[in-house]
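Excluded from the calculations below are hydrogen atoms, water molecules and symmetry mates; all remaining heavy atoms, backbone and side chain alike, are included.
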Amino acid sequence: MDLGLRDKVVIVTGGGVGIGAAISHACAAEGAIPVIVNHDGDTIQANLEIMRAIAQPFGFIPMWLDSPESCRTAVEQTLAQFGRIDALVNNIGVNDNVGLEHGTPERFMTSLQNNLWHYYAMAHFCLPSLKQARGSIVNTASKVAVTGQGGTSGYAAAKGAQLALTREWAVELAPFGIHVNAVVPSEVWTPAYETWLATFAHPEEKRAAITRNIPLGARMTTPAEIASAVVFLLSDRSAHTTGQHLFVDGGYVHLDRASTAYRPG
């Protein structure tokens, strides 16, 4: 299926690692031009080598999105290099475990800064180009927004706000032909997830305890599966889909986990 993404310029924040890297690879595989906005490092460079092997043009802006000026600069550099922006994937963030009891108001505000406000800033600065292109926005959220997790108030608040902004922007931007959606991962096997599991005394036992409760396949979602959903939501094939929260999680959030007791085999 041709998704109609060829030569479309797509900014992917956090596009150099984990889910973001998979999104960048998937965009390039569809003939789009991903612009990766990410701090630099060895892992990012390894993923850039994969991008080069795909032999599709792409951009790399090594930058922390830690201020309005950095977001504005990322957009301006994209326009200077490629002359257009057709889509935005707001993806970068971190589950920083800023809880209610064991956090502070100051750390909570920092968590919102790390996980939320740059979603707004990037969309704001991209908007003139997105209006011209009648483009699209996809926000990467998290199941934590709807299930809670415990001990991560800042991240939960940011992810919940991302889902709300998805609906708000879908309404505001509909007159311009811009469709806005969110993809909602749950348990995705990424380097960050592997690092988190390593904090437990028995990581493999912890992983097994999680995956046995995932109804479809008793396995974690792959970054590539998230990326496939994202490129569809970016594409012309989803041009009449807006304001949606797409859960790509093997039924982890919405299906009865008691069903996992009845798997065949």
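- Legend: residues meeting side-chain contact (heavy atoms from CB on, under 4.5 Å) with Ala157, ordered by chain and number and at least two apart, are Phe108, Leu112.
- Taking the ring centre of Trp189 as origin, the terminal cationic atom of Arg219 falls outside the region bounded by 6.0 Å and 45° from the ring axis.
- Considering only heavy atoms from C-beta on, Leu79 comes within 4.5 Å of Ile85 through its side chain.
- Grouping the Ile, Leu, Val, Met, Phe, Trp and Tyr side chains by contacts below 4.5 angstrom, directly or via other members, places Leu233 with Val188.
- With sequence neighbours left out, the salt bridge (charged side-chain N to carboxylate O under 4.0 Å, His left out) criterion links Arg52 to Glu49.
- Met63 places none of its side-chain heavy atoms less than 4.5 Å from the side chain of His39.
- By the 4.0 Å N-to-carboxylate-O rule, Glu187 lies close enough to Lys143 to be salt-bridged with it.
- Crowding of Leu100 atom CG: a count of heavy atoms from other residues, nucleotides or ligands under 6.0 Å not exceeding 12.
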Stepwise, does the side-chain hydrogen bond (donor to acceptor under 3.5 Å, both in side chains) test hold for Glu225 with Thr222?
CA-CA 5 Å; Glu225 288 167 326; Thr222 68; 3.3 Å; yes
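- No side-chain heavy atom of Phe125 sits under 4.5 Å from any side-chain heavy atom of Glu76.
- Ring to ring, Trp117 and Tyr120 are not that close: their centroids are 6.0 angstrom or more apart.
- Figure legend: cation-pi geometry between Arg257 and Tyr252, with NZ or CZ positioned under 6.0 Å from the six-membered ring centre and within 45° of its axis.
- Looking only at side-chain heavy atoms (C-beta outward), Tyr155 and Asp96 come within less than 4.5 Å of each other.
- Put simply, the side chain of Asn115 never gets that close to the backbone of Ala158: no donor and acceptor are under 3.5 Å apart.
- Within the 4.5 Å cutoff, the side chain of Asn38 has heavy atoms near those of the Phe60 side chain.
- Considering only heavy atoms from C-beta on, Val253 comes within 4.5 Å of Thr147 through its side chain.
- In this structure, the side chain of Arg167 engages the main chain of Gly243 through a donor-acceptor pair within 3.5 Å.
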Determine, step by step, whether His240 and His179 satisfy the side-chain contact (heavy atoms from CB on, under 4.5 Å) criterion, reporting the C-alpha distance in whole Å, the side-chain angles of both residues, the deciding distance to 0.1 Å, and the verdict.
CA-CA 7 Å; His240 211 232; His179 57 291; over 6 Å; no
